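Input: a single structure, listed below in structure tokens.
Residue numbers begin at 1 in each chain, while the letters A, B, ... track the order of the sequences. Here the structure is a predicted model, which is why all the values come from computation and not from measurement.
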Protein chains: 2
Amino acid sequence: MKTTRNTTAKTAVLEVFEKSKTALSHTEIQKQLNDICDRVTIYRILDRLLNDDIIHKISNQDGTVKYAKCNHSHQKVHIHNHAHFSCENCNEITCLETVKPSYIMPHNYKVNEINFTLSGLCPKCLNSNI
Amino acid sequence: MKTTRNTTAKTAVLEVFEKSKTALSHTEIQKQLNDICDRVTIYRILDRLLNDDIIHKISNQDGTVKYAKCNHSHQKVHIHNHAHFSCENCNEITCLETVKPSYIMPHNYKVNEINFTLSGLCPKCLNSNI
DNA sequence: AAATTAACGCAACAATGTTGCTTTTGTTTT
DNA sequence: AAAACAAAAGCAACATTGTTGCGTTAATTT
């Protein structure tokens, strides 16, 4: 069986997620790490964290891919079927863990996962824009 | 004022969309066009069509970007606030124009657009898999 | 302390998207 | 119908993002 190790790079990436309130792209993570490790290493760490359900992947309307670690202190399992908000002004993506859409599906579809991303202005930008 | 022209390449791209029931990636469009024009030209045509609201952009969970032209014969304006379905088996993305999610937002957010993508098995794959 | 192997670094590559500049071509004007 | 105008195309070069192979390093177990 394959065991996962706690390397310095992985710990550093997790710290970056811990500190950030918003979802981060690979490039943003790399910048925050100040090149303490290789680009490829970050990709591989992200792969492992995704696999272990510690983070989840969000792809924005514009095609950019971001990653986030949710705070789900009380839950045992990481639920990523919640909504995300993408701000058109500051480009930050945040998890809206309370927002759960309801919908009616046509027959003959089997839904395994949902991805619900809303975009517009986040509270921060909404206030400073008026 | 900038006027848009009906070039052969643009017409060909529109025909490809017309024929296709599913959303298409840049690469898929290029293949169907049999290299009648440059890669860059396709990108620029897609930009124009997006700008003119003739097609819309869908970015899948996996980070791939696709484009689709909806059939909205009766409407004057192109509405792209509908749901999409992404099949995990055949990777096709289809518009679910009838599916409109309802949800409750926290205060202080201004929602301009929504992107609701469901993934799982489409009717075609659901039937052939059992 | 030695053994094991997960993870890293590096180089190379692939896919996707962008930009600048010249040429072509669709459309309007004369 | 020809000339004028400018949108769009072609081409080359580049930027970004993500992937793969392989030898080396280092976390964990024995």
Collect all protein-nucleotide pairs involving nucleotides 25-30 of chain D in which both atoms are nitrogen or oxygen and the distance is under 3.5 Å.
residue	atom	partner	partner atom	Å
D:dA27	N3	A:R5	NH1	3.3
D:dT28	OP1	A:N6	N	3.1

For nucleotides 12-18 of chain D, which of its nitrogen or oxygen atoms have a protein nitrogen or oxygen under 3.5 Å away, and what is each distance?
residue	atom	partner	partner atom	Å
D:dT17	OP2	A:T27	OG1	3.1
D:dG18	OP2	A:Y43	OH	2.8
D:dG18	O5'	A:Y43	OH	3.4
D:dG18	N7	A:R39	NH2	2.9
D:dG18	O6	A:R39	NH2	3.0

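The hydrophobic cluster containing A:I104, built from Ile/Leu/Val/Met/Phe/Trp/Tyr side-chain heavy atoms closer than 4.5 Å, comprises no other residue.
Under the side-chain contact (heavy atoms from CB on, under 4.5 Å) criterion, A:D47 pairs with no residue, sequence neighbours left out. Residues passing the side-chain contact (heavy atoms from CB on, under 4.5 Å) test with A:N115, sequence neighbours excluded: A:T117, B:Q61, B:T117. Applying the side-chain contact (heavy atoms from CB on, under 4.5 Å) rule to B:V111 yields the partners A:F85, A:L118, B:Y103, B:M105, B:I114; only residues at least two apart in sequence or on another chain are considered. Every residue was checked against the side chain to side chain donor-acceptor pair (under 3.5 Å) condition with B:N51, not counting sequence neighbours, and none meets it. The side chain to side chain donor-acceptor pair (under 3.5 Å) check on B:S102 picks up A:S102, with sequence neighbours excluded. With sequence neighbours left out, A:A9 forms a side-chain contact (heavy atoms from CB on, under 4.5 Å) with A:T7, A:C37, A:T41, A:I45.
The distance from atom CG of B:D47 to atom P of C:dG17 is 10 Å, rounded to the nearest whole Å. Distance B:I45 CD1 to C:dT25 C1': 14 Å, rounded to the nearest Å. Taking atom CG of B:L46 as the reference point, atom P of C:dT18 lies 10 Å away to the nearest angstrom. Rounded to whole Å, atom P of C:dA15 lies 14 Å from atom CD of B:E28. C:dG9 atom P lies 11 Å from atom CG of A:D35, rounded to whole Å. With rounding to whole Å, B:R48 atom CZ is found 17 Å from D:dA6 atom P. Rounded to whole angstrom, the span from the CG atom of B:N51 across to the P atom of D:dA7 amounts to 14 Å.
A salt bridge links B:K124 with B:E92: at least one charged nitrogen is closer than 4.0 Å to a carboxylate oxygen.
The list of salt bridge (charged side-chain N to carboxylate O under 4.0 Å, His left out) pairs with a residue in residues 10-20 of chain B, not counting sequence neighbours, reads B:E18-B:K69. Judged as a ring-ring contact (aromatic ring centres under 6.0 Å, His included), the pairs with a partner in residues 23-51 of chain A (not counting sequence neighbours) are, in order, A:H26-A:Y43.
To the nearest 0.5 Å, atom CG of residue A:L33 and atom CD1 of residue A:I36 are 5.0 Å apart.
Remark on the helix from C:dA1-D:dT30 to C:dT30-D:dA1: inter-end axis angle 30°, axes from five-pair C1' superpositions, rounded to 10°.
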